[in-house]
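As structure tokens, the structure follows; a few thoughts come after it.
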Amino acid sequence: MEYYRWTQWIFLRLFERGLAFQAKTPVNWCPTLGTVLANEEIIDGRSERGNHPVVRQPLRQWQLRITAYADRLADELEGLDWPETRQKQRDWIGKSEGAEVDFPLVNRSDSLRCFTTRPDTLFGATYMVIAPDHPLMSSICTVERADQVKAYAAAAARKSDLERTALGKEKTGVFTGAYATNPLTLSPIPVYTADYVLGAYGTGAIMAVPAHDERDFEFARKFELPIVEVVSPDGQLHEQLTEAFVSDGIAVRSGDFDGMPSAEMRVAIVERLEAKGIGVSKVNYRLRDWVFSRQRYWGEPIPIYFPVKAQGNPQEGGDFEIDYTHPIAVDDADLPLRLPELDDYLPGDPQGPLVKALKWRFFQRDGQWFARETNTMPQWAGSCWYYLRYLDPTNSSQLVSERAYDDWMPVDLYIGGGEHAVLHLLYARFWHKVLYDIGVVKHKEPFSKLIHQGTILGMAFRWYAVVGPEGQILRAIDGDDARVVKGDADGLLRLSDTGEVVEARWVLEGDVALRDGQPTHQELGVRLVGVAEKMSKSRGNVVNPDAIVEEFGADSLRLYEMFMGPLEQSKPWQTSAIQGVRRFLDRVHGLAMRDLSSEAMSDETARLVHRTIRKVGEDIEALHLNTAISSMMILSNHLVSIKSPPREAVERLVLCLSPFAPHIAEEIWSSLGYSASIAQLSWPEYDLRLCEDALVEMAVQVNGKVRGRVTIAKDAETKAVETAALADAGVQRFIGERSVKKTIYVPGKILNIIIE
RNA sequence: GCCGAAGUGGCGGAACUGGCAGACGCGGCGGACUCAAAAUCCGUUGUUCGCAAGGACUUGUGGGUUCGAUUCCCACCUUCGGCACCA
């Protein structure tokens, strides 16, 4: 509650600055969840959570004006140490520069404004398209067309995104009966409506230039509209275009602009339009404002209330009418605004379940009734700024103290799943920037370095079952049989030679037999192919970490997860492989229990110890945790082989291991006789001189192939190396009688002798 | 379709800045211990030709640059992730 007090506090700052506002807009209403979802939370027309259908429906909603920050959100990504996610966010924001152009409507005094990124193709605009939900729609369409247009618009509204995409890209649309004038050619052009134009983007209307836009080209073909080339690749005129030419070129059929290159013309045209007052240069974003209200109980209450006209006492069921046009902020001093107790907090009502809390919802002040907002905030709200509150969680007077902020911020390394690449990470950056603007934080960006950890996949082994018409298994074939192909029409797998239908079948790691080194089906004897996929119940390849901890221990699980491979990579879980890290931990433990020598380390051991310290330290910095562990394994293998391992070496190994396997390291440390925690110690130092060898074993190549090796001083002179190399029997054998043409010597690396 | 990432042994993976491909681990094989098994320990393990010494081949495919390419360049194939009528 102390936490969401500050979430509400931030909301009020957003509200004061006009960044939180109400709008009655078509939203993505999910009847099953009883709530509204952001575009980002919908995948193929279904909810990301639970996969329920979603419909478009107008509803009063709170929105956050993230679009006001679009430019900064895109530009300030520059300089962050982030992976590909930077580009993903830029794509999501989708900045596009162009112009808005007015097309006067024929027989009317007003015009239709459209957005285009290609003002240079304006002379080729042969028709216009407006979105089915365009506000001017009902007024511009002619009487005789009205029914058809209305039917089309209604059908488009019903279509979910899923249906729109499932129907392929076949263009549909109807003529509205209206005409507009191309402001440069002055010819009248028809105005169509089609759902390939989106009401929510740009102005909801486009000028269609079929010669230079693939979608317009397709539409023009279908409706037999004129296609006029105005940009030519070579400056020549072409009559019949077989496809849209979308690249830049040379202007043709464009009056006094003829001959101008596209880039230049874009500027010139906008200047002309601006001079005439019929156009303006304009930047648009794909990013939409963020629908921030949810119709659920479990969310921070939105600290806003509204005046009410009431007949009687609305707390006791009296009639009331809420004036949503006058939102009033709750005083900061009255925060947090808590959730009321509710018997039934299931969602369903489009205003949210809080409408049922009459005592909470309505209150009276100076004889006037007011009603609280019954929508609540989404889950994202709290996660937008938790990294700040973590620094100073008990502070009751400030969101975060300056001292705590300076001690910790910005976040040096943020490790999070790739699924948050555009949702959470964009929202959090937006809030951070607002907090920056009001002086709560001092950095423009919260997270300096970002890493997405890879998903751990479940491993399953495939074979193919040849199935008969009733689904019975006729016989089994190898999981890598090349004859298995996917049918184009039905998507079923078939054998390319016999045409029989086959199905992929799966067995788990534990049921795989090995024959001649090949994974094989225990009973059927067919070859299996290991396939790593996202863990899912249906495939049965889910691994429960609790069971792993139970069997191998928490340190083994940690260590194995780090040892599997690069942090950022998706990698398959192999329960058999965790045995390896468990063995390693057991060996280190066993090592420490042995009779340790207190004598100085041998030169060989000392070198390995110092090298390991360096390697592990560097690998931790670079987050190469797998190779850090492997170098500790090398050291432990070495120490195990010594009759009486030096105590000094073992202690340093345990110290290196402690961040990776803290529990067992602590345990070993205490059995080595120390009472203080190993976690309190600082990282061991290494001696650089011991990390480098004076002598190196160097490969000698003859014509690029390794034929021998010599042990020689690291920085030996070319002459000395050549002499040593030529003395090597293996090298001599390959040179024989032939003469040496040239030698290439890279000190410490290689000597390559080129012969005739 | 567009954008991004990645293809290395039976498997997970390693290889600094173009310099000995396969570290480390799993699995396999052989051995020790054991009545036996498990656990543990030792040896071995890319493919292939060869009795052997030794040779040839090998980092998705095909080209290129280079004395030398897993690494750089071009084209293609495959897999994974994201976006998908954004004018």
Side-chain angles (χ1 to χ4, degrees), chain A residues 44 83-85 87-88 90-92 94 96 98 114-118 121 129 161 164-165 169 171 194-198 200-209 213-216 218-219 284-288 418-419 421-422 452 454-455 457 459 509 512 514-520 527-528 530-534 560 563-566 568-581 583-584 586-587 590 618 624 626-627 629-634 637 640-641 697-709 730 733 741-746 748-754:
Chain A
D44 290 339
E84 335 73 70
T85 304
Q87 194 51 43
K88 250 184 213 172
R90 275 193 209 106
D91 292 347
W92 189 265
S96 71
C114 69
F115 173 71
T116 178
T117 54
R118 294 293 303 273
T121 61
V129 185
D161 290 350
R164 278 169 77 148
T165 47
K169 308 229 163 167
K171 296 277 179 294
D195 63 4
Y196 82 90
V197 171
L198 309 172
Y201 184 77
T203 63
I206 62 156
M207 62 177 214
V209 185
D213 181 284
E214 278 164 19
R215 296 151 300 181
D216 298 345
E218 209 183 305
F219 190 87
N284 260 317
Y285 300 93
R286 199 190 85 109
L287 183 71
R288 313 282 169 79
E419 70 272 23
V422 283
H452 297 307
T455 319
L457 305 171
M459 194 62 153
E509 197 184 343
V512 174
L514 259 137
R515 271 178 225 169
D516 305 324
Q518 297 278 340
T520 308
R527 197 157 52 240
L528 297 170
V531 178
E533 292 196 14
K534 229 176 195 163
Y560 174 57
F563 184 64
M564 289 170 87
E568 298 173 75
Q569 199 169 301
S570 291
K571 352 167 230 282
W573 176 273
Q574 293 180 98
T575 300
S576 61
I578 194 176
Q579 198 62 250
V581 296
R583 259 176 228 157
F584 163 65
D586 286 347
R587 265 204 298 269
E618 286 172 356
H624 295 157
N626 53 331
T627 50
I629 293 165
S630 125
S631 66
M632 289 187 280
M633 286 172 166
I634 293 171
N637 286 348
V640 162
S641 72
E697 191 187 58
M698 210 173 68
V700 179
Q701 299 184 330
V702 177
N703 281 357
K705 295 202 172 178
V706 178
R707 299 304 188 183
R709 36 195 98 235
R733 215 156 53 82
K741 217 165 82 179
K742 181 181 172 187
T743 59
I744 291 129
Y745 173 47
V746 183
K749 304 269 188 190
I750 208 156
L751 177 75
N752 193 2
I753 301 171
I754 311 303

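Chain naming here is simple, since letters A, B, ... match the order of the sequence lines and numbering starts at 1 in each.
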Distances under 3.5 Å between protein N/O atoms and the N/O atoms of nucleotides 41-46 of chain B, please, pair by pair.
residue	atom	partner	partner atom	Å
B:C41	OP1	A:R587	NH1	3.4

Sub-3.5 Å pairs of nitrogen or oxygen atoms, protein against nucleotides 64-69 of chain B:
residue	atom	partner	partner atom	Å
B:C67	O2	A:N752	ND2	2.6

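Using a 4.0 Å heavy-atom cutoff across all strands shown, A:V746 reaches at least one base atom of the nucleic acid. Counting any heavy atom pair closer than 4.0 Å across all strands shown, A:D216 reaches no nucleic acid atom. At the heavy-atom level, A:Q579 lies nowhere under 4.0 Å from the strands shown.
B:G9 takes the syn form, because its glycosidic angle lies no more than 90° either side of 0.
A gap of 30 Å separates the P atoms of B:A14 and B:G64, to the nearest Å. On the P atoms, B:G62 is 15 Å away from B:C57, given to the nearest whole Å. Spacing of P atoms, B:G82 relative to B:C29, comes out at 40 Å, to the nearest Å.
Across B:A87, B:G13, B:G25, the shortest atom-to-atom separation from the side chain of A:M633 is found for B:G25. Of the listed nucleotides (B:C20, B:A87, B:C24), B:C24 has the atom at the smallest distance from the side chain of A:I634. Comparing B:A5, B:C20, B:C83 by their closest approach to the side chain of A:E84 singles out B:A5. Of all nucleotides listed (B:C24, B:A14, B:C11), B:C24 comes nearest to the side chain of A:S630. You'll find that the side chain of A:P572 is closest to B:G12, out of B:A87, B:C20, B:G12. Relative to the side chain of A:N637, the nucleotides B:C26, B:A87, B:C24 differ in distance, and B:C24 lies closest. The nucleotide whose nearest atom lies closest to any side-chain atom of A:Y201 is, among B:A87, B:A14, B:C24, B:A87. The side chain of A:Q87 has B:C3 as its nearest neighbour among B:G25, B:C3, B:C83.
Residues satisfying the side chain to side chain donor-acceptor pair (under 3.5 Å) criterion with A:H624, sequence neighbours excluded, are absent altogether. When the side chain to side chain donor-acceptor pair (under 3.5 Å) test is applied to A:T743, the partners found at least two apart in sequence or on another chain are A:E722. A:N284 pairs by the side chain to side chain contact (heavy atoms under 4.5 Å, CB included) definition with A:S96, A:F115, A:Y201, A:K282, not counting sequence neighbours. In this structure, the side chain to side chain contact (heavy atoms under 4.5 Å, CB included) partners of A:K742, at least two apart in sequence or on a different chain, are A:I744, A:I754. In this structure A:D213 satisfies the salt bridge (charged side-chain N to carboxylate O under 4.0 Å, His left out) test together with A:R215, sequence neighbours excluded. Remark: A:E84 pairs with no residue by the side chain to side chain contact (heavy atoms under 4.5 Å, CB included) rule, at least two apart or across chains. With sequence neighbours excluded, the residues forming a side chain to side chain donor-acceptor pair (under 3.5 Å) with A:Q87 are A:R90, A:D91, listed by chain and number. Scanning for side chain to side chain donor-acceptor pair (under 3.5 Å) contacts around A:T85 gives A:H452, with sequence neighbours left out. Listed by chain and number, the residues in a ring pair (Phe, Tyr, Trp, His ring centres under 6.0 Å) with A:Y560 are A:W573 (sequence neighbours excluded).
Annotation for A:C114 and A:M207: closest pair SG-N, 3.6 Å, computed over non-hydrogen atoms. Taking every heavy atom of both residues into account, A:F563 and A:N626 meet most closely at O-CB, 3.6 Å. Closest non-hydrogen pair, A:N703 versus A:N752, comes out as N-OD1, 3.6 Å.
Below the 3.5 angstrom threshold, one finds a donor paired with an acceptor across the side chain of A:K171 and the base of B:C85.
For B:A14, one of the phosphate oxygens OP1 or OP2 lies less than 4.0 angstrom from a side-chain nitrogen or oxygen of A:N626. Taking side-chain N and O atoms only, A:S631 has no distance below 4.0 Å to OP1 or OP2 of B:C24.
If you measure from atom CE of A:M564 to atom P of B:G25, you get 17 Å, rounded to the nearest angstrom. B:G81 atom C1' lies 14 Å from atom CD of A:E568, rounded to whole Å.
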Fill in the blank from the handout: Protein heavy-atom contacts under 4.0 Å, written 5' to 3' over nucleotides 48-57 of chain B as B (base), S (sugar-phosphate only) or - (none), form the string ------SSSS
